[in-house]
Number of protein chains: 2
Amino acid sequence: MTTAPLAGQERKAPGRPRNALADSAILHAVLDLLSEGQTVAAISIEAVAAKAGVGKATIYRRWANKEALIIDAVAALKGPVPELAGESVRDDLVTLIKANRSNQHHNYGKVTACLMPELMRDDQIMAGYQAVIEPRREVMRGVLRRGIETGELRSDLDVELTLLMLVGPNMLNGLFAQQPRVPREGFAEALVDAVLRGAAP
Amino acid sequence: MTTAPLAGQERKAPGRPRNALADSAILHAVLDLLSEGQTVAAISIEAVAAKAGVGKATIYRRWANKEALIIDAVAALKGPVPELAGESVRDDLVTLIKANRSNQHHNYGKVTACLMPELMRDDQIMAGYQAVIEPRREVMRGVLRRGIETGELRSDLDVELTLLMLVGPNMLNGLFAQQPRVPREGFAEALVDAVLRGAAP
């Protein structure tokens, strides 16, 4: 387990004294447990504390319950919403697709898979998950809408469908990362180019 | 729980005397447990037997272990590989996308989500899952290759990427079926048309 800073946690900093290293170790521990194939239901605060090398009290001081901790771990996994150059729709979409699977945790697909049952079962976790991914999707929608305005994209483009066409294949290729159907190298560029070919005016 | 015949089970029939109604009840029981949010790890043969209203021996007579039973349930969920008209690439792809999420179990997304952790953790289940979905994907590849040959599709089309562009958005929209980003009605047609717009010669 490493203790490099994780991006998601910065969002919670204001006004709250905390130990960034301990927080990072805790979030890493959650992601490690998920990537070992443990479901959310199977993960205990005790197990997280043991793996992070902290006491349970350290966890409970920062997170009210396991659900809140899991959601912060997902945010850390996703990384920060990336800065966009704003020069071309193509470049911005490639940046977003690449950022969608940051390299902060190499078992991204496995972690996501292990979250799935809980997302379907627990409305609180689903709401927290949506709160993490919606700002990222809204940035992508913004890029597509801007492209429609500037004429780079067709005026009658279905923004939500196009969003699914960018996010879905990336997710699927990531889930089965051990045997990706399309090589990782150059995947974001190839996907964006294929989607944009159909989205041209 | 209903006991309507499930499509997947037909594949196993040859030469083996069986009780089709009991088999169907057992497969339905597995899918019901998964759709209640139970992971594969949490499901016991005892629970399946109780839900199906059969004895454990009836299950073990047909399936060597839980993994084999789960894979047959997935096959039942997927339904048979559909017959294609073979007249246009567009019509065949729409047929395949619609069939990909058959109406045999209304909790398709939830069942798939609950399988995910096990797919990532258990090579035997992953291999069984791939054996169920690969013939379906191969049919889709065949439609795309035929389209390239007839000139309906671009000669330099990336078949694997196009496959991901058809399957990924459909999967994503299905997983979050409670709040689909794009309405179900007409989804297959809209997706296929959007993908084909970029795949035209």
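Proteins get letters first, then strands, A, B, ... in listed order; numbering begins at 1 in each. Quantities reported herein were computed from a predicted structural model and do not represent experimental measurements.
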Any idea which heavy atoms bring [X] and [Y] closest together, and the distance?
X	Y	value
P117(B)	P117(A)	CG-CG, 3.5 Å
R197(A)	R154(B)	NH1-NH2, 2.5 Å
A190(B)	L161(A)	O-CD2, 3.5 Å
P169(A)	M165(B)	CG-CA, 3.7 Å
R121(A)	E36(B)	CD-O, 4.4 Å

Enter the distance from [X]:[atom1] to [Y]:[atom2] here, rounded to the nearest 0.5 Å.
X	Y	atom1	atom2	answer
N173(A)	L163(B)	CG	CG	10.5 Å
L115(B)	M116(A)	CG	CE	12.0 Å
D193(A)	D158(B)	CG	CG	11.5 Å

Report which part of E118(B) has an atom under 4.5 Å of a heavy atom belonging to chain A: side chain, backbone, both, or neither.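 It is neither, since no heavy atom gets under 4.5 Å.
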
Whether over 12 other heavy atoms sit under 6.0 Å from E46(A) CD: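 Counting other residues, nucleotides and ligands, CD of E46(A) exceeds 12 neighbours.
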
